[in-house]
Amino acid sequence: MTTMGLPPPDEQQFERHAGDAGPALWAYLDIQSFDPMRSELQGQLDFSTTAGMFGHRFGDPIALDAVVIVADGAFERHIRLRRDEPVSPVPIGVDLNRGRVDGYPFDHYRAEVMISARDGIDLGKRLPLKVTVWSQHAAWRYDIAPAAQGLDGDSIDLDITVRRPNQVRFFAVTLYTAMGVVGCIALTIGVLVFLRLRRADTTLASVLSGMMFALPVMRSIMPGSPPLGVRADILVFLWAEVAVVIALMLVVVTWARHGEKAAR
């Protein structure tokens, strides 16, 4: 039997000891996806109060009555846990309202999330809470740290920042640079032919036609599939496409006016 060693998971743990004594509640926050158009982070919370030989046992009945409060400054959700009842993972959404997709590929989003636990019978009694966060994701980079100024003194306050990984940014910048180069090449060809510094040839029109259709294909393979109309599109993609169209028009007009006539 072959044993393969895997790198440790990208987990972070946060802990808050409440002033009131009581059993600790463990929460596991699994970040699953992020929607930049809605600036919403999707994840799920799982809870446990018991530990086995190799870690906490999620899915077992909870040993206490509790109410878990999750707030992001815009919305607040109360999750009720009942003693001796098994708990299924609870889906949650976090509104990262500081950030817009217009800045692609350098867009980033930020929000503060508060998680606290209270006794299910006496809501004024705070429970000790420990939160483990899984933040590994291929398409996004999640930076999670304790908030400098929390929303509640007896809660776990997390500062969550979402940005695109450096390799995604590099690839997107490379594609936009290639679009700009294609636009400059096309415009150079069109101007030289129009000024009669180069011979008008139908082959050049074919090349420029290929460039005109290649640019939208390059735009469609942008990593992360950003919506059409971000600032980089207006600054690069749109003008590159316009440059290719103008160059094609110049070549065709010059060929029509000064090209060799067909032999009769």
Side-chain angles (χ1 to χ4, degrees), residues 10 29-45 70-77 89-114 133-145 147 158-187 190 207-249:
D10 189 8
L29 174 59
D30 181 12
I31 298 177
Q32 298 178 327
S33 64
F34 175 69
D35 184 356
M37 291 297 298
R38 301 174 58 188
S39 298
E40 184 179 30
L41 185 147
Q42 295 289 337
Q44 66 179 22
L45 274 171
V70 181
D72 57 12
F75 302 98
E76 181 175 302
R77 179 173 182 180
V90 180
I92 63 170
V94 177
D95 184 18
L96 280 75
N97 49 18
R98 281 173 281 180
R100 297 184 61 184
V101 74
D102 289 350
Y104 176 89
F106 299 101
D107 51 332
H108 62 279
Y109 311 83
R110 183 171 174 269
E112 292 184 3
V113 179
M114 181 271 289
V133 182
W134 170 267
S135 58
Q136 185 69 25
H137 198 272
W140 295 95
R141 174 183 170 184
Y142 301 100
D143 296 324
I144 303 176
L158 304 178
D159 190 343
I160 301 179
T161 303
V162 182
R163 57 172 57 92
R164 300 183 191 271
N166 292 332
Q167 59 269 26
V168 172
R169 292 180 172 181
F170 178 79
F171 187 41
V173 170
T174 301
L175 286 178
Y176 276 118
T177 303
M179 291 180 191
V181 171
V182 168
C184 292
I185 292 175
L187 202 56
V207 171
L208 292 173
S209 298
M211 289 181 176
M212 183 174 61
F213 289 102
L215 286 175
V217 174
M218 295 173 63
R219 175 58 180 81
S220 67
I221 63 173
M222 280 289 173
S225 301
L228 187 64
V230 297
R231 282 197 292 267
D233 288 337
I234 299 174
L235 295 176
V236 180
F237 171 65
L238 175 63
W239 290 108
E241 190 73 20
V242 170
V244 173
V245 172
I246 292 175
L248 179 60
M249 181 185 65

Closest non-hydrogen atom pair between Ala178 and Met218, with its separation: CB-CE, 3.5 Å

Residue pair Ile92 / Leu29, side-chain heavy-atom distance below 4.5 Å: yes

Beyond-backbone contact of Trp239 with Leu187, side-chain heavy atoms, under 4.5 angstrom: no

Flag if over 12 foreign heavy atoms under 6.0 Å of CZ, Arg110: yes

Note, Phe75 side chain near Val94 side chain (heavy atom, < 4.5 Å): no

Non-hydrogen atoms of Asp95 and Ala111 that approach each other most closely: O-CB, 3.5 Å

Which atom of Ala186 lies closest to which atom of Val244, heavy atoms considered: CB-CG2, 3.7 Å

Distance in Å, Gln42 CD paired with Gln32 CD, rounded so as to fall on 0.5 Å steps: 8.0 Å

Point-to-point distance, once rounded to the nearest 0.5 Å, from CZ of Phe34 to CZ of Arg164: 8.5 Å

Met212 CE to Glu241 CD distance, which is reported to the nearest 0.5 Å: 7.0 Å

Side chain to side chain, Arg219 and Pro226, heavy atoms closer than 4.5 Å: yes

Donor-acceptor contact present, side-chain Asp143 to main-chain Thr161, <3.5 Å: no

CG-CG distance between Leu238 and Leu228, expressed to the nearest 0.5 angstrom: 9.0 Å

Enclosure of Phe170 CZ (heavy-atom neighbours >12, cutoff 6.0 Å): no

Spacing of Arg100 atom CZ and Met37 atom CE [to the nearest 0.5 Å]: 10.0 Å

Set of residues satisfying salt bridge (Lys or Arg N to Asp or Glu O under 4.0 Å) with respect to Arg98, sequence neighbours excluded: none

Stepwise side-chain contact (heavy atoms from CB on, under 4.5 Å) check, Val230 with Phe237: CA-CA 10 Å; Val230 297; Phe237 171 65; over 6 Å; no

Spatial distance of atom CD (Glu112) from atom CG (Leu96) [nearest 0.5 Å]: 11.0 Å

Identified side chain to side chain contact (heavy atoms under 4.5 Å, CB included) partner of Tyr109 from the options Ile160, Leu41, Val101: Val101

Sub-4.5 Å side-chain heavy-atom contact between Val162 and Pro36: no

Distance-minimising heavy-atom pair for Ala172 and Met222: O-CE, 3.9 Å

Over all atoms of both residues, closest heavy-atom pair of Arg231 and Gly103: NH2-CA, 3.4 Å

Set of side-chain hydrogen bond (donor to acceptor under 3.5 Å, both in side chains) partners for Tyr104, sequence neighbours left out: none

Trp140 (side chain) donor-acceptor with Pro165 (main chain) under 3.5 angstrom: no

Beyond-backbone contact of Ile31 with Ile144, side-chain heavy atoms, under 4.5 angstrom: yes

Shortest non-hydrogen contact from Pro227 toward Asp233: O-OD2, 3.8 Å

